[in-house]
Engineer: 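Take this structure, written in structure tokens, and hold onto it; I'll ask about it next.
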Amino acid sequence: MSRYNPKETESKWQKAWETADCFLTQTDPERPKYYVLEMFPYPSGRIHMGHVRNYTIGDVIARFKRARGFNVLHPMGWDAFGLPAENAAAERDVHPADWTYSNIDAMRAQLKSMGLSIDWSREFATCHPGYYSHQQALFLDFMQSGLIERRESWVNWDPVDQTVLANEQVIDGKGWRSGADIERRRLSQWFFRITAFSDELLDGLDDLERWPEKVRLMQQNWIGRSEGARVFFDIEGREEPLEVFSTRPDTLYGATFGALSPHHPLAVELAERDPALKDFIAECDRLGTSEEAIEKAEKRGYDTGLRMRHPLVEGKTLPLYVANFILVEYGTGAIFGCPAHDQRDLDFARKYGLDVIPVVRPKDVPSAEWSIRNEAYTGDGVLCNSDFLNDLPVPDAKRKVIERLEAEGLGKGTVQFRLRDWGISRQRYWGCPIPVIHCPDCGPVPVAKEQLPIELPRDVSFDKPGNPLDHHPTWKHVNCPSCGGAAQRDTDTMDTFVDSSWYFARFCSPRAEDTPLERRDVDYWLPVDQYVGGIEHAILHLLYSRFFTRGLKKAGYLNVEEPFAGLFTQGMVCHETYRAQDGRWLSPEDVTRDSAGALVDSDGNPVSVGRVEKMSKSKRNTVDPAEIIDSYGADTARWFMLSDSPPDREMEWTDSGIEGAWRFTQRLWRLVRETAEDKLLPPAGLACPKSFGEKALGLRRQVHKTIQGMTEDIEAFHFNKAVARLYELTNTLSSATAARNEEGMAWALREGCESLVRLIAPMMPHLAEELWQALGHDNLLAVQDWPVADTSLVQDETVTIAVQVNGRLRAKLQQPRDSEESVLREAALGDETVQRYLEGKEPRKVVVVPNRIVNVVL
RNA sequence: GCGGACGUGGUGGAACAGGUAGACACACAGGACUUAAAAUCCUGAGGGCAUAGCCCGUGCGGGUUCGAGUCCCGCCGUCCGCACCA
């Protein structure tokens with residue numbers, strides 16, 4: 001028999017699906033819907049193995065749900081704005097739009113070769129005016145709803161590239177591209193007021209039951225709610241009191257100093273008259289904003305000479321410092337230091353010789369014996385040295401001190417969040433233009449919706465650093481919509497995370513022209529039932545989308561709070577790493593085995609094998625999906641992706657793994673084809689015979705157990721277990737052909753083969769289609785129903801009972817299912833081996849678990 | 001430092017709710033077919049021993065239980081996220 005030819009077969013069925021419009025979807029309130037979405041790709045030009053894993057998982061779910069009778073929405077699009085297109089433009093003199101669209105064409109073809117059941121009629125790219133014009137409209141709506149603000153903020157500024165950099169683009173205080181020292185600058189930027197929903201975004205996490213606990217936790221930490229108090233300290237010789245935030249107001253009596261962030265308004269003001277302070281602040285700025293820089297920095301302070309009055313201790317004053325470890329963005333940008341109960345404050349106090357007053361002691365240590373050395377005490381306890389708070393447990397003291405502060409107007413209990421507003425202005429060309437005009441007289445004026453879209457000009461130059469939009473000779477010069485005078489467009493574009501914050505909703509009505517979202521469509525499809533993507537987006541993308549959904553609701557576009565009812569985060573695709581003798585990374589393609597079985601490079605030099613790591617260009621341990629699909633076919637690649645490793649864990653791509661999957665593909669093809677060609681096989685659709693031989697019945701039992709098990713496994717995303725079941729069924733079917741003359745066996749074989757083919761269809765859709773046809777069907781398997789297990793066949797009639805003596809396995813018994821406990825007990829005690837252990841004595845105890853185990857205790 | 005996840009054969013991993021540890025696959029070994037190889041098929045396999053059987057075995061040490069990979073306590077290790085957030 002010839003071999004299976006995936007290349008021919010796969011494109012044949014892809015065309016058949018397309019011709020039959022199998023995967024086009026309509027809004028249909030009469031039918032139950034299921035919206036499955038994978039994170040859309042950035043159009044880099046080629047798919048990578050991470051995409052293959054992501055889209056395989058999504059496609060299995062989509063095909064499965066479709067077979068289960070759902071109206072399935074499974075769309076695809078392109079996260080098409082972003083810096084790489086501008087880099088390509090600067091390096092290769094190709095327009096970002098051309099570069100992007102040709103990449104999209106290439107990647108679409110690659111995705112299509114995977115045989116994904118996608119409704120391609122809904123495809124869009126975020127860089128198309130048909131998408132971003134609506135995003136501009138949403139910007140205006142959000143402005144109207146009070147969700148957008150313009151304000152100054154600190155940014156990482158690259159003086160060479162003349163642009164703002166994200167924190168992750170600053171490496172060791174230098175720009176990732178230019179290598180220039182990054183400055184901290186204050187810049188006017190647009191902010192989405194994500195903090196307006198801090199509480200909702202936090203509380204909403206509790207209801208996301210089908211999200212990984214891990215992601216919910218990460219978001220919870222990111223939002224970072226903490227309860228505490230704001231306390232006012234009067235400063236000697238000044239009108240305005242200083243406001244500080246603390247989560248430990250109970251330790252107020254232990255305060256021995258105050259500290260300001262170098263960017264606190266008061267610090268800035270003082271610096272104007274104090275050159276030494278100015279120098280100190282400048283030095284803090286030079287450290288940069290990268291986490292490592294902050295981490296390594298020693299705690300340092302500058303004594304302003306000012307004294308602040310302790311709000312509760314008459315006559316007591318504390319020195320006020322400017323300190324490099326105080327963040328201006330958090331709380332009020334100012335603290336009171338309590339060295340005894342905060343390690344940072346203790347380090348600071350020891351350095352500058354400040355007092356350390358313990359105010360919390362462990363309950364069983366008397367005040368007199370309690371002191372602080374080099375470790376701040378942050379544990380539980382009761383108050384001491386604290387006047388009216390003495391002997392109260394910490395939580396009570398917190399409550400009581402806040403009451404007192406509030407009563408005397410010295411402070412108040414508050415809730416503080418770590419979450420900050422989302423700055424979206426980017427000094428870039430290839431992004432969504434911000435629909436605002438800056439007028440010297442009227443300030444920032446929103447563009448009227450009728451004037452949208454504000455399209456990107458095509459004729460831009462990438463020759464000089466900075467923002468091409470800003471350099472464009474005419475684009476920005478417009479008249480003020482309000483007063484008609486000369487004004488300028490905002491030349492910033494939106495963070496590309498904005499584009500991906502609502503694309504899932506746009507897929508519901510991708511071609512709507514007058515509105516971003518058609519109410520009837522979003523009401524039917526949203527929320528996404530199952531979202532699938534990488535854990536790397538656990539915080540930003542998912543949090544932004546959750547914010548956007550609330551914003552869209554506020555603006556009246558939809559009626560859900562949460563965009564993604566279910567979230568699945570798949571693991572990374574990894575591969576061994578290889579190095580040449582000189583330390584260069586080697587690609588797997590360049591590594592072979594010599595005759596002795598040792599790994600060598602293309603010149604025959606020995607190769608050292610490194611750890612298994614995430615596929616990456618830098619380590620050169622990538623495998624190109626296009627090549628794999630070209631030589632083995634998409635089904636084999638998909639099958640291997642689903643085998644062995646649980647989908648939420650990392651998987652290792654290996655040659656032997658893909659070859660094993662390839663062998664199985666061939667084996668399955670051969671098995672079903674040979675069976676189908678066997679003259680004994682009854683035609684499709686023949687009624688079930690009345691009786692079956694023992695082997696045929698056994699086969700049928702396994703078939704129906706597999707159907708049931710598979711269904712549960714796919715629902716639970718246990719694809720690797722589902723694969724194992726299919727291997728088992730295939731093994732059984734292979735050996736069953738030997739008994740094909742047995743009563744009912746031919747019928748059972750057809751049932752088995754058809755079930756196998758139908759079960760395998762979500763994973764290997766092309767092969768399944770081919771075999772479905774070989775079994776005599778002339779309809780498309782892609783639109784057939786999922787098989788249903790016959791429950792009467794799912795349970796065996798006899799079960800194996802394990803017999804233990806003192807908890808150790810000594811024998812096994814075959815017994816009818818659901819045998820009485822007494823029967824099992826007698827059978828176990830009567831067993832020869834058990835008799836030997838009993839030595840004629842009575843057992844002390846016999847534990848019987850029906851259908852499972854009997855434990856005889858001596 | 002804080003938070004979280006995970007430790008099972010040579011490897012990836014199964015094991016429902018405390019009830020037969022190692023399903024399934026990869027790799028390996030032996031055999032069949034072949035002039036030979038590939039492909040395919042069959043067989044074997046956690047470790048040990050005095051091998052009809054017994055002992056040991058799920059990172060380590062304890063505990064609960066008739067029975068623990070699974071539950072509890074204490075360690076060790078690996079990975080991930082956050083991190084001067086007052």
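Reckoned from all heavy atoms, side chains included, excluding hydrogens, waters and symmetry mates. Here is the naming used below: chain letters follow the sequence lines, and residue numbers restart at 1 for every chain.
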Engineer: Holding to ring-ring contact (aromatic ring centres under 6.0 Å, His included), I want the full list of residues that pass it with A/His704, two or more places apart in sequence or in another chain.
Structural biologist: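 For A/His704, no residue satisfies ring-ring contact (aromatic ring centres under 6.0 Å, His included) once neighbours in sequence are set aside.
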
Engineer: Would you mind writing out the side-chain donor-acceptor pairs for residues 847-858 of chain A within the sub-3.5 Å range, not counting sequence neighbours?
Structural biologist:
unit_1   : atom_1 : unit_2   : atom_2 : d
A/Asn851 : OD1    : A/Asp818 : N      : 2.8
A/Asn851 : ND2    : A/Asp818 : OD1    : 2.8
A/Asn855 : OD1    : A/Gly807 : N      : 3.0

Engineer: With A/Leu217, which residues qualify under side-chain contact (heavy atoms from CB on, under 4.5 Å), at least two apart?
Structural biologist: A/Glu213, A/Asn221

Engineer: Determine the Euclidean distance between corresponding C1' atoms of B/C33 and B/A39; express it in Å to zero decimal places.
Structural biologist: 11 Å

Engineer: For a quick check of understanding: with a heavy-atom distance under 4.0 Å over all strands, which category does A/Phe245 fall into, base, sugar-phosphate or nothing?
Structural biologist: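 Base, at least one base atom sits under 4.0 Å.
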
Engineer: What pair of heavy atoms forms the shortest contact from A/Ile326 to A/Ala259, and how long is it?
Structural biologist: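 Of all heavy-atom pairs spanning A/Ile326 and A/Ala259, the closest is CG1-CB, 4.1 Å.
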
Engineer: Return the nearest nucleotide to the side chain of A/Glu728; candidates are B/A25, B/C80, B/A23.
Structural biologist: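 Per side-chain heavy atoms of A/Glu728, the pick is B/A23.
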
Engineer: Would you classify B/G9 as syn or anti? Syn applies when the glycosidic angle is within 90° of 0.
Structural biologist: syn

Engineer: How would you label the contact of A/Ile535 with the nucleic acid (heavy atoms, under 4.0 Å): base, sugar-phosphate, or nothing?
Structural biologist: nothing

Engineer: Quote, to the nearest angstrom, the C1' distance that separates B/G46 from B/A38.
Structural biologist: 32 Å

Engineer: With P as the reference atom in both, quote the distance from B/U70 to B/G63 in angstrom, rounded to an integer.
Structural biologist: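 Taking atom P in both B/U70 and B/G63, they lie 14 Å apart.
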
Engineer: So what's the dot-bracket for RNA chain B: Watson-Crick or G-U pairs under 3.5 Å, [ ] if a pair crosses, | if it pairs off-strand?
Structural biologist: (((((((..(((......[....))).(((((.......))))).((((...))))..(((((..]....))))))))))))....

Engineer: Nearest whole Å is fine: how far is B/C82 P from A/Arg216 CZ?
Structural biologist: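 So the CZ-P distance, A/Arg216 to B/C82, works out to 19 Å.
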
Engineer: I'd like the P distance from B/C71 over to B/G19, given in whole Å.
Structural biologist: 11 Å

Engineer: Just to be sure I understand the rule, does A/Asp347 reach a base, reach only the sugar-phosphate, or reach nothing, if contact means heavy atoms closer than 4.0 Å?
Structural biologist: nothing

Engineer: Measure from the ring center of A/Trp639 to the ring center of A/Tyr727 and say whether it is less than 6.0 Å.
Structural biologist: yes

Engineer: Are A/Phe497 and A/Trp422 near enough that their ring centres are under 6.0 Å apart?
Structural biologist: no

Engineer: Output the single nucleotide from B/A23, B/C54, B/A86 whose closest atom is nearest the side chain of A/Asp342.
Structural biologist: B/A86

Engineer: Rounded to whole angstrom units, what separation is found between the CD atom of A/Glu659 and the P atom of B/C28?
Structural biologist: 11 Å

Engineer: As a quick check of understanding, evaluate side chain to side chain donor-acceptor pair (under 3.5 Å) for A/Asn621 and A/Thr577, giving each step before the final call.
Structural biologist: CA-CA 6 Å; A/Asn621 61 339; A/Thr577 48; 5.8 Å; no

Engineer: With A/Phe257, which residues qualify under ring-ring contact (aromatic ring centres under 6.0 Å, His included), at least two apart?
Structural biologist: A/Phe348

Engineer: Encode nucleotides 12-17 of chain B as B, S and - characters from 5' to 3', where the letter depends on protein heavy atoms closer than 4.0 Å: B to the base, S only to sugar-phosphate, - to neither.
Structural biologist: BSSS--

Engineer: Using a cutoff of under 3.5 Å, can you pull out all pairs of nitrogen or oxygen atoms linking the protein to nucleotides 31-34 of chain B, with atom names and distances?
Structural biologist:
none

Engineer: At under 4.0 Å between heavy atoms, what does A/Arg225 touch on the DNA or RNA strands: base, sugar-phosphate, or nothing?
Structural biologist: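 Touches nothing.
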
Engineer: Could I get the full list of side-chain contact (heavy atoms from CB on, under 4.5 Å) partners for A/Phe232, not counting sequence neighbours?
Structural biologist: A/Pro241, A/Glu243

Engineer: Go along nucleotides 38-45 of chain B 5' to 3' and tag each nucleotide: B for a protein heavy atom under 4.0 Å from its base, S when only backbone or sugar atoms are that close, - otherwise.
Structural biologist: --SS----

Engineer: Base, sugar-phosphate alone, or nothing: which one does A/Ser226 contact when heavy atoms must sit under 4.0 Å apart?
Structural biologist: sugar-phosphate

Engineer: For a quick check, with a 4.0 angstrom heavy-atom cut-off, what is the B/S/- contact string for nucleotides 61-75 of chain B, read 5' to 3'?
Structural biologist: -----BS--------

Engineer: Suppose we screen for side-chain contact (heavy atoms from CB on, under 4.5 Å). Which residues come up paired with A/Ala722, at least two apart in sequence or across chains?
Structural biologist: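 With neighbours one apart ignored, the set is A/Met710, A/Asp713, A/Met763.
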
Engineer: Considering only side-chain heavy atoms of A/Thr800, which listed nucleotide, B/U20, B/C26, B/A25, is closest?
Structural biologist: B/U20

Engineer: Need to verify one output field. Residue with the more 5' nearest nucleotide on RNA chain B, A/Thr247 or A/Arg611?
Structural biologist: A/Arg611

Engineer: Could you measure between the two C1' atoms, the one in B/A52 and the one in B/U34, and give it in whole Å?
Structural biologist: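 Here B/A52 and B/U34 have their C1' atoms 40 Å from each other.
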
Engineer: With respect to the side chain of A/Asn221, which nucleotide from B/G3, B/C54, B/A23 is positioned closest?
Structural biologist: B/G3

Engineer: Determine the interatomic distance between C1' on B/U8 and the same-named atom on B/A68; round to the nearest Å.
Structural biologist: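 Rounded to whole Å, the distance is 14 Å.
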
Engineer: Do the ring centers of A/Tyr253 and A/His310 come within less than 6.0 Å of each other?
Structural biologist: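 They qualify: ring centres under 6.0 Å apart.
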
Engineer: Choose from B/C84, B/C82, B/C55 the nucleotide whose nearest atom is closest to any side-chain atom of A/Arg810.
Structural biologist: B/C55

Engineer: Holding to side-chain contact (heavy atoms from CB on, under 4.5 Å), I want the full list of residues that pass it with A/Met218, two or more places apart in sequence or in another chain.
Structural biologist: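 A/Met218 satisfies side-chain contact (heavy atoms from CB on, under 4.5 Å) with A/Lys214, A/Ala538, A/Ile539 once adjacent residues are dropped.
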
Engineer: List the atom of A/Trp662, the atom of A/Thr636, and the distance in Å for their closest heavy-atom pair.
Structural biologist: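 In this case the closest contact between A/Trp662 and A/Thr636 is N-CG2, 3.4 Å.
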
Engineer: Counting heavy atoms from C-beta on, name the nucleotide in B/A23, B/U20, B/G19 closest to the side chain of A/Val849.
Structural biologist: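 Shortest atom-to-atom distance from the side chain points to B/G19.
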
Engineer: Taking for each residue the nucleotide of RNA chain B with the nearest heavy atom, is it A/Tyr837 or A/Gly333 whose nucleotide lies nearer the 5' end?
Structural biologist: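 Final value for this comparison: A/Tyr837.
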
Engineer: Please give the distance between the P atoms of B/G10 and B/G22 as a whole number of Å.
Structural biologist: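 Approximately 16 Å lies between the P atom of B/G10 and that of B/G22.
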
Engineer: So which nucleotide from B/G3, B/U20, B/G81 ends up closest to the side chain of A/Ala802?
Structural biologist: B/U20

Engineer: Rounding to the closest angstrom, what is the interatomic distance between B/G9 and B/U58 at atom P?
Structural biologist: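 Here B/G9 and B/U58 have their P atoms 9 Å from each other.
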
